[in-house]
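Source: prediction; values computed, not measured.
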Amino acid sequence: MSELLSSLSPDERRLLSEAPSGAELAAQPMLATLSDRRDFDAGGWIFERKLDGVRLLAVRDERGTRLLSRNGLRENATYPEIVDALADQDTADFVLDGEVVAFSHGRTDFSRLQQRLGITDERKARASHVAVTYYVFDILRLDGSDVTRLPLRSRKSLLRRALSYHAPLRFTPHRNEGGEELLARACRQGWEGLIAKRAAGGYQPRRSGDWLKLKCARGQEFVVGGFTEPGGSRTGFGALLIGYYEGSRLRYAGKVGTGYDRATLRDIRARLDELATPSVPFSDRVREHTAHWARPELVAQIGFTEWTRDGMLRHPRFLGLREDKEPGDVVREKATGG
DNA sequence: TTCCGACAGTGGGGTCGCAAT
DNA sequence: ATTGCGACCCCACTATCGGAA
């Protein structure tokens, strides 16, 4: 048994088992459940910053080092510098879980990372101007042992000692208490949110309530200027086309196609049919083949994660109509950070 | 009984690569 | 050169179902 594993208590050592192959262990990452929960005073949780990047599992064994996406696709050619950093480690048998991110202006920036995601040529990846960092936050296998049944705190302790962390590799730090205050501060700083994890929990290869996604709420009202045709089994409409006023111009802010139940789809479609107009209400060009336009009189509350560079909403969802708001009052609000 | 997790199906922005125009 | 499409990332959400609690 390796020195690291020998450092475990006898009770913890009993939780170890002979590991299946790294590929099997990495087949399905543990996923967090979106949650509104805010009461973490009871303890038993650890808190990590929610990183806005892509999930990446790393396997190293006698066959070499492999990076795997959430769907099991090989990502070695996309992040060769991460492969190098892992292949250089003294520890030579592990399965890691973590997140790849790209930074801009001190914040993780998904749109920047996207310029790297599609690269499947190692040389192009090395030449890319998008530097990436691999934040490692869990370990599933170490020196021939399956460690997924160990409590999270023990796994993170092993993980911290199993690797030496230098760019582009980073250990994901965590806090043991003060979740509420941490979340408030995270939102003020413009972070996406926090992940709360049960400190005593094992690693479960599925979505689990032991990991909670706590997101900073962002949203505002938008004017509805039209809709797209429904597809497939959808009824009513596909998505609402929404915007906000900039002076007298109605700027287009994108589509929102989720958050409706069947009754809402039907009701809103009926209201928009009454507001139908042949003229485009937006001042921007809207590339929608199946668009129907409506006089801009309805106001909808929309939740979203952030504005994209192109002035569109990211991850938009419909939260409800606002009968109490005048369309003319709807402007782009300054991000306050929830 | 209720609740949770998995699945399928709808919708979003964005990137890349490829084929058709 | 432009456009459209699919395959990937990230995702939110509704609706359904079977099994766990």
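Among the atoms of the strands shown, only primed sugar atoms or phosphate atoms (P, OP1, OP2) are found under 4.0 Å from some heavy atom of Gly53(A).
Rounded to a whole Å, the CD atom of Gln28(A) is 8 Å from the P atom of dC7(B). Distance, Phe227(A) CZ to dG12(B) P: 14 Å, rounded to whole Å. Arg269(A) has its CZ atom 13 Å from the P atom of dG11(B), to the nearest Å. Spacing between atom CG of Asp109(A) and atom C1' of dC10(C) amounts to 13 Å, rounded to whole angstrom units. Residue Glu75(A) contributes atom CD, which lies 6 Å from atom P of dC9(C) at whole-angstrom precision. A straight line from CZ of Arg70(A) to C1' of dC9(C) spans 9 Å, rounded to a whole angstrom. Taking atom CD on Gln204(A) and atom C1' on dC4(B), their separation rounds to 12 Å, with Å as the unit.
Applying the salt bridge (Lys or Arg N to Asp or Glu O under 4.0 Å) definition to pairs two or more places apart or across chains, those involving residues 251-261 of chain A are Glu246(A)-Arg251(A), Arg251(A)-Asp284(A), Lys255(A)-Glu288(A). Residue pairs meeting the side chain to side chain donor-acceptor pair (under 3.5 Å) criterion with at least one partner in residues 223-239 of chain A, sequence neighbours excluded, are Glu229(A)-His292(A). Among residue pairs with one or both ends in residues 57-90 of chain A, none qualify as ring-ring contact (aromatic ring centres under 6.0 Å, His included); sequence neighbours excluded.
Counted by atom type alone, Ser145(A) and Arg141(A) present zero donor-acceptor pairs between their side chains at under 3.5 Å. Residues Asp52(A) and Thr108(A) have side chains that never bring a donor and an acceptor to within less than 3.5 angstrom of each other. Side-chain contact of Thr33(A) with Ser35(A): a donor-acceptor pair under 3.5 Å is absent, judged by distance alone. In this model, a donor atom of one side chain and an acceptor atom of the other lie less than 3.5 Å apart for Asp146(A) and Thr148(A). Under the 3.5 Å distance criterion, with hydrogens and angles disregarded, a donor-acceptor pair is assigned to the side chains of Ser154(A) and Glu12(A). Between Ser9(A) and Asp11(A), the side chains place no donor N or O within less than 3.5 Å of an acceptor N or O (distance only, hydrogens not considered).
For the pair Arg126(A) and Glu81(A), the salt-bridge criterion is not met [side-chain N within less than 4.0 Å of a carboxylate O]. With respect to Asp273(A) and Arg269(A), a salt bridge is recorded, a charged nitrogen being found less than 4.0 Å from a carboxylate O. Ion pairing between Glu297(A) and Arg322(A) fails under the 4.0 Å rule for side-chain N and carboxylate O. Look at Arg66(A) and Asp61(A) and you find a salt bridge, because one of the NZ, NE, NH1 or NH2 atoms lies within 4.0 Å of a carboxylate O, short of that distance.
Positionally, the nearest nucleotide of DNA chain B for Pro205(A) lies more toward the 5' end than for the other of Thr258(A) and Pro205(A).
Note that Arg332(A) lies in the cation-pi zone of Trp307(A), set by a 6.0 Å cut-off to the ring centre and a 45° limit from the axis. Note that Lys156(A) lies in the cation-pi zone of Phe171(A), set by a 6.0 Å cut-off to the ring centre and a 45° limit from the axis.
Clustering of Ile, Leu, Val, Met, Phe, Trp and Tyr side chains at separations under 4.5 Å places Leu152(A) together with Ile46(A). In the hydrophobic clustering (ILVMFWY side chains linked at under 4.5 Å, chained through shared members), Tyr135(A) is joined by Leu51(A), Val101(A), Phe103(A). Under the 4.5 angstrom side-chain criterion for Ile, Leu, Val, Met, Phe, Trp and Tyr, the cluster partners of Leu57(A) are Leu25(A), Met30(A), Val59(A), Leu68(A), Val95(A), Phe137(A), Leu140(A), Tyr203(A), Trp211(A).
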Practice problem: Sugar-phosphate atoms are those with a prime plus P, OP1 and OP2; base atoms are the rest. Using that split, label each nucleotide of nucleotides 15-21 of chain C B, S or - for protein heavy atoms under 4.0 Å, 5' to 3'. | Solution: S------
Quiz item: How does protein contact run along nucleotides 13-21 of chain B, one letter per nucleotide 5' to 3', with B for base contact, S for sugar-phosphate only, - for none, heavy atoms under 4.0 Å?
Solution: BBS------
Exercise. Treat primed atoms plus P, OP1 and OP2 as sugar-phosphate and everything else as base, then score nucleotides 2-7 of chain C 5' to 3': B for base contact with protein heavy atoms under 4.0 Å, S for sugar-phosphate contact only, - for none.
Key: ------
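Judged by Watson-Crick or G-U wobble contacts below 3.5 Å, the nucleotide dT1(B) has dA21(C) as its partner.
If you chain together hydrophobic residues whose side chains sit under 4.5 Å apart, Leu319(A) and Leu265(A) never meet in one group.
At a non-hydrogen distance threshold of 4.0 Å, Arg207(A), Gly209(A) from residues 207-215 of chain A come into contact with DNA chain B. Contact check of residues 229-242 of chain A against DNA chain C (heavy atom, cut-off under 4.0 Å) returns no residues at all.
Summary for the helix from dA8(B)-dT14(C) to dT21(B)-dA1(C): the axes at its two ends, each from 5 pairs, differ by 30° when rounded to the nearest 10 degrees.
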